[in-house]
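Everything below concerns the one structure shown next.
Please read all numbers here as calculations on a predicted model, not as lab measurements. Just so it is clear, the values below take in all heavy atoms, side chains as well, and ignore hydrogens, waters and symmetry mates.
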Amino acid sequence: LSTLITANHILHHGNVLDSFGHISVRNPERNETFFIALQMGPAVVSGTGDVGEYWVEDGRPLEGTVGGYAERFIHSAVLKRYPDVNSVVHSHSEDVLPYTVVASNSSRFSPVYHMAGFLAGDDVPNWDIETAYNDSDPRDMLVNTPALGDSLAQTLGINASQPTSPAHWTILQRGHGFVTTGTSIEQATDFAMYAASNARVQTKALLL
């Protein structure tokens with residue numbers, strides 16, 4: 001939990017998480033639950049009382065946890081689908097956002113320097129929540145139900161050589177931000193920081 005709190009501070013300091021971004025970690029003592037800060041800015045998460053525990057299966061809070069992020073279903077769905085993933089970051093980084101809404105081949109989001117090598121392979125998938133809505137769903141672009149979380153998680157794909165891992169560690173969300181995953185808090189934090197950094201470098205390269 002101390003590492004999770006520190007990751008909140010690092011990601012906020014690096015402008016990867018705004019007041020509504022979040023990072024989670026699977027409970028190392030029982031895989032069926034996960035920890036994530038309650039609905040507050042990452043910069044002000046300061047102790048275990050600011051962290052809630054939820055079920056991986058459907059994002060429900062455990063007894064004793066009150067409230068939490070509406071979009072915790074991103075985390076529960078990804079952790080449920082991929083046993084090798086132990087930490088998930090959801091960011092609204094304005095450095096990455098333009099790549100979620102521009103479909104041109106010349107400006108697709110891709111690794112442009114070595115620190116973003118984890119983005120290598122096929123194009124980084126761009127999940128559009130509109131394709132997952134039911135007719136009765138409000139169009140608020142928030143992943144606030146298990147069904148929407150499951151749709152997003154599927155976009156990460158399956159690693160052909162290791163089916164318990166995603167094919168992509170990072171995906172974009174059209175008009176919203178990005179999600180990145182890792183086998184640990186440290187790896188997920190690293191990937192999130194360098195995804196945003198890669199976007200800044202790529203944008204500068206396109207301008208040149």
With heavy-atom distances below 4.5 Å as the criterion, would you say the side chains of [X] and [Y] are in contact?
{"X": "Trp169", "Y": "Thr183", "answer": "yes"}
{"X": "Asn159", "Y": "Pro166", "answer": "no"}
{"X": "Asn126", "Y": "Gln173", "answer": "no"}
{"X": "Glu57", "Y": "Pro146", "answer": "no"}

Is there a donor-acceptor pair closer than 3.5 Å between any side-chain N or O of [X] and the backbone N or O of [Y]?
{"X": "Arg72", "Y": "Gly59", "result": "yes"}
{"X": "Ser24", "Y": "Ser87", "result": "no"}
{"X": "Asn198", "Y": "Ser110", "result": "yes"}
{"X": "Ser197", "Y": "Met193", "result": "no"}

For the hydrophobic clusters of this structure (ILVMFWY residues joined by side-chain heavy atoms under 4.5 Å, transitively), does one cluster hold both [X] and [Y]?
{"X": "Leu17", "Y": "Val25", "result": "yes"}
{"X": "Leu119", "Y": "Leu11", "result": "yes"}
{"X": "Leu172", "Y": "Phe20", "result": "no"}
{"X": "Leu142", "Y": "Ile129", "result": "no"}
{"X": "Phe73", "Y": "Leu38", "result": "no"}

Check: Which pairs, with at least one residue in residues 59-69 and sequence neighbours excluded, count as a side chain to side chain donor-acceptor pair (under 3.5 Å)?
Finding: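 Found Asp58-Arg60.
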Quick one: list whatever passes ring-ring contact (aromatic ring centres under 6.0 Å, His included) with [X], sequence neighbours left out.
{"X": "Tyr54", "answer": "Phe34"}
{"X": "His176", "answer": "His90, His92"}
{"X": "Phe109", "answer": "Tyr99"}

Note to self: Between Asp150 and Lys80, does any side-chain N to carboxylate O distance fall below 4.0 Å?
What the structure shows: yes
Note to self: Do the side chains of Arg139 and Glu130 get close enough for a salt bridge, i.e. N-O under 4.0 angstrom?
What the structure shows: yes
Next item on the list: List the steps and the verdict of side-chain contact (heavy atoms from CB on, under 4.5 Å) for Leu152 and Ile74.
Entry: CA-CA 7 Å; Leu152 180 150; Ile74 293 173; 4.3 Å; yes
Check: Is it true that atom CD of Glu94 has more than 12 heavy atoms of other residues, nucleotides or ligands lying nearer than 6.0 Å?
Finding: no
Checklist line | Within 6.0 Å of OH in Tyr133, more than 12 heavy atoms from elsewhere | finding: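 Yes.
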Checklist line | Matching residue for Thr180 among Val89, Ile171, Val88, Val78 - test: side chain to side chain contact (heavy atoms under 4.5 Å, CB included) | finding: Val89
What are the two closest non-hydrogen atoms of [X] and [Y], and how far apart are they?
{"X": "Ala116", "Y": "Pro111", "result": "O-CB, 3.3 Å"}
{"X": "Val45", "Y": "Ala37", "result": "CG2-CB, 3.7 Å"}
{"X": "Gln39", "Y": "Ala70", "result": "OE1-N, 4.5 Å"}
{"X": "Ala132", "Y": "Ser151", "result": "CB-OG, 3.3 Å"}
{"X": "Thr100", "Y": "Gly175", "result": "OG1-N, 2.9 Å"}
{"X": "Pro42", "Y": "Gly21", "result": "CG-O, 3.6 Å"}

Note to self: If you apply the rule side-chain contact (heavy atoms from CB on, under 4.5 Å), what do you find for Val179 with Thr170, and how did you get there?
What the structure shows: CA-CA 6 Å; Val179 172; Thr170 301; over 6 Å; no
Rounded distance [0.5 Å steps], [atom1] in [X] versus [atom2] in [Y]:
{"X": "Thr189", "Y": "Tyr194", "atom1": "OG1", "atom2": "OH", "answer": "12.0 Å"}
{"X": "Leu156", "Y": "His168", "atom1": "CG", "atom2": "NE2", "answer": "8.0 Å"}
{"X": "Arg26", "Y": "Ser184", "atom1": "CZ", "atom2": "OG", "answer": "12.5 Å"}
{"X": "Arg174", "Y": "Leu97", "atom1": "CZ", "atom2": "CG", "answer": "11.5 Å"}
{"X": "His12", "Y": "Ile23", "atom1": "NE2", "atom2": "CD1", "answer": "14.0 Å"}
{"X": "Ile185", "Y": "Asp190", "atom1": "CD1", "atom2": "CG", "answer": "13.5 Å"}

Note to self: Could you tell me if Ser136 and Asn134 have a donor-acceptor pair between their side chains, going purely by distance under 3.5 Å?
What the structure shows: no
Note to self: Between Ser76 and Trp55, is there a side-chain donor-acceptor contact under 3.5 Å, judged purely by atom types and distance?
What the structure shows: no
Check: After noting the C-alpha distance and the side-chain angles of Ile158 and Arg81, does the key distance pass the side-chain contact (heavy atoms from CB on, under 4.5 Å) rule?
Finding: CA-CA 9 Å; Ile158 298 293; Arg81 185 172 177 84; 4.1 Å; yes
Notebook entry, point to check: Between Thr164 and Asp84, is a side-chain hydrogen bond (donor to acceptor under 3.5 Å, both in side chains) present by the stated rule, with each step listed?
Noted result: CA-CA 6 Å; Thr164 50; Asp84 291 341; 2.6 Å; yes
Margin query: Holding to side-chain hydrogen bond (donor to acceptor under 3.5 Å, both in side chains), I want the full list of residues that pass it with Thr48, two or more places apart in sequence or in another chain.
Written below: none
Notebook entry, point to check: Run the side-chain contact (heavy atoms from CB on, under 4.5 Å) check on Met40 and Asp50 step by step: do they pass?
Noted result: CA-CA 8 Å; Met40 60 178 63; Asp50 296 332; 3.6 Å; yes
Next item on the list: Return the set of residues passing side chain to side chain contact (heavy atoms under 4.5 Å, CB included) with Asn27 (not counting sequence neighbours), or none when no residue passes.
Entry: Glu29, Arg30, Thr33, Phe35, Glu53
